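Everything numeric in this text was worked out from a predicted model, so none of it was measured. The sequence lines fix the lettering, A, B, ..., with proteins before strands; numbering per chain opens at 1. Computed from heavy atoms alone, side chains included, the values below leave out hydrogens, waters and symmetry copies.
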Number of protein chains: 2
Amino acid sequence: MFKDLDPLLHSQLRLGVMSILISAVEADFVFIREKTNSTAGNLSVQIDKLRDAGYISVEKSFKGKMPRTTCRITPEGVTAFEKYVEDLNSYLQKK
Amino acid sequence: MFKDLDPLLHSQLRLGVMSILISAVEADFVFIREKTNSTAGNLSVQIDKLRDAGYISVEKSFKGKMPRTTCRITPEGVTAFEKYVEDLNSYLQKK
DNA sequence: TAAACCAGTTTATAATATAAACCTAATATT
DNA sequence: AATATTAGGTTTATATTATAAACTGGTTTA
């Protein structure tokens, strides 16, 4: 009846990160932090988890002299996100 | 950009319980346990939380000699569920 | 009458999310 | 030129949550 929901995606902040990345080519740390209204510490941890799962790739570079962290969704991330959305539908059928 | 998700509903098991109850007049403990494929202990805890929040009502009776726990969704529960589904949509927009 | 079973509850533990504290370097202030 | 402030994070500690294990009270079966 109900599909198991990917626990990595069933988290408000990680889902927000994935939601941003699925509709953008890339997004940097500060942009994501602002859009998700999260703290840097929490975002840092959640980005690590998404990267460890292979759902996103993370690239560190410099914008001028300042560090910059850029995230992109991977093909596996796209697949996982789409599956999550589909699985979620098993819970949301209206009466 | 993203709506905060009601933490009480953003839980696989509690969402499953609410999903069952929104489309049924009532459902008993055993039925819910089977449909959600959960353990009795976990379900007991999650049902308490939903009841404490006023999202469901819980009635204890006997079916013959055996105890029976029947759950129903409350109007507040319906409202909360509908809001959750709507808020969730802010995360699920497809590219 | 003992063993197994049903319908749960309580409690302990594991997992997770979040915030607080910290780090390194750049820029602005006195 | 020192000192404070800001930027862009990371690490670590704590609070919350989910889950499983153990237990309770009663019932049915052998």
Side-chain angles (χ1 to χ4, degrees), chain A residues 2-21 26-53 55-72 80 84 91, chain B residues 2-21 26-53 55-72 80 84 87-88 91:
Chain A
F2 296 117
K3 307 286 186 59
D4 272 344
L5 299 174
D6 183 341
L8 229 104
L9 295 183
H10 197 61
S11 134
Q12 182 170 323
L13 181 47
R14 287 193 302 269
L15 190 62
V17 172
M18 293 293 279
S19 178
I20 289 169
L21 293 178
E26 58 174 52
D28 65 31
F29 190 96
V30 173
F31 177 85
I32 296 172
R33 181 172 52 68
E34 285 168 353
K35 288 293 175 186
T36 57
N37 199 33
S38 59
T39 61
N42 192 8
L43 183 56
S44 179
V45 170
Q46 306 312 328
I47 280 178
D48 276 0
K49 288 185 186 178
L50 290 171
R51 192 206 43 209
D52 290 351
Y55 289 180
I56 66 173
S57 65
V58 178
E59 191 200 331
K60 278 159 194 308
S61 60
F62 284 87
K63 178 172 53 176
K65 293 174 179 178
M66 298 300 268
R68 173 183 165 121
T69 300
T70 306
C71 303
R72 269 171 245 255
Y84 173 78
Y91 294 82
Chain B
F2 296 116
K3 306 287 186 58
D4 272 343
L5 299 174
D6 183 341
L8 229 103
L9 295 183
H10 196 62
S11 136
Q12 183 170 323
L13 181 47
R14 287 192 303 267
L15 190 61
V17 172
M18 293 292 281
S19 178
I20 288 168
L21 293 178
E26 58 174 52
D28 66 30
F29 190 95
V30 174
F31 177 85
I32 297 172
R33 180 172 52 69
E34 285 168 355
K35 289 292 176 190
T36 56
N37 199 35
S38 59
T39 61
N42 192 8
L43 183 57
S44 179
V45 171
Q46 305 313 327
I47 280 180
D48 277 359
K49 288 185 187 178
L50 290 171
R51 192 206 41 209
D52 290 352
Y55 289 0
I56 67 173
S57 65
V58 179
E59 190 199 332
K60 279 159 193 310
S61 60
F62 283 86
K63 178 171 51 175
K65 293 174 178 177
M66 297 300 268
R68 173 186 166 118
T69 300
T70 307
C71 304
R72 269 171 244 255
Y84 172 78
D87 290 347
L88 201 54
Y91 294 82

Problem - Phosphate OP1/OP2 of D/dT17 contacted by B/Lys49 side-chain N/O (<4.0 Å) - result: no
Take the protein atom [atom1] of [X] and the nucleotide atom [atom2] of [N], then report the distance between them rounded to whole Å.
X: B/Asp52; N: D/dT17; atom1: CG; atom2: P; answer: 13 Å
X: A/Phe31; N: D/dA7; atom1: CZ; atom2: P; answer: 18 Å
X: A/Leu5; N: C/dA15; atom1: CG; atom2: C1'; answer: 17 Å
X: A/Gln12; N: D/dT17; atom1: CD; atom2: P; answer: 13 Å
X: A/Glu59; N: D/dG9; atom1: CD; atom2: C1'; answer: 16 Å
X: A/His10; N: C/dA15; atom1: NE2; atom2: C1'; answer: 15 Å
X: B/Arg14; N: D/dT16; atom1: CZ; atom2: C1'; answer: 11 Å

Handout entry: Partner residues of B/Asp87 under the salt bridge (charged side-chain N to carboxylate O under 4.0 Å, His left out) criterion, sequence neighbours left out
Key = B/Lys83
Exercise for the section: Sequence neighbours left out, what passes salt bridge (charged side-chain N to carboxylate O under 4.0 Å, His left out) with A/Arg51? Give chain and number order. Expected result: A/Asp48
Exercise for the section: Tell me what B/Ser11 touches on the nucleic acid: a base, only sugar-phosphate, or nothing, going by heavy atoms under 4.0 Å. Expected result: sugar-phosphate
Handout entry: Sugar-phosphate only, base, or nothing, as touched by A/Gln46 at under 4.0 Å among non-hydrogen atoms
Key = base
Problem - Audit row: A/Cys71, A/Val17, side chain to side chain contact (heavy atoms under 4.5 Å, CB included) steps and yes/no - result: CA-CA 9 Å; A/Cys71 303; A/Val17 172; 5.9 Å; no
Between the protein and nucleotides 7-13 of chain C, which nitrogen or oxygen pairs come in under 3.5 angstrom?
{"unit_1": "C/dG8", "atom_1": "OP1", "unit_2": "B/Thr69", "atom_2": "N", "d": "2.9"}
{"unit_1": "C/dG8", "atom_1": "OP1", "unit_2": "B/Thr69", "atom_2": "OG1", "d": "2.3"}
{"unit_1": "C/dT9", "atom_1": "OP1", "unit_2": "B/Lys60", "atom_2": "NZ", "d": "2.8"}
{"unit_1": "C/dT9", "atom_1": "OP2", "unit_2": "B/Ser44", "atom_2": "OG", "d": "2.5"}

Problem - Closest to side chain of B/Lys65, choosing from D/dA18, D/dA20, D/dT28 - result: D/dT28
Practice task
Can you sort out the partners of B/Phe29 under ring pair (Phe, Tyr, Trp, His ring centres under 6.0 Å), two or more places apart, ordered by chain and number?
Solution key: none
Problem - Check: B/Thr69 and B/Val30 side chains under 4.5 Å, non-hydrogen atoms - result: no
Handout entry: Under the side chain to side chain contact (heavy atoms under 4.5 Å, CB included) test, residues paired with A/Thr39 that sit two or more places apart
Key = A/Asn42
Exercise for the section: Not counting sequence neighbours, which residues clear side-chain hydrogen bond (donor to acceptor under 3.5 Å, both in side chains) with A/Asp28? List them please. Expected result: none
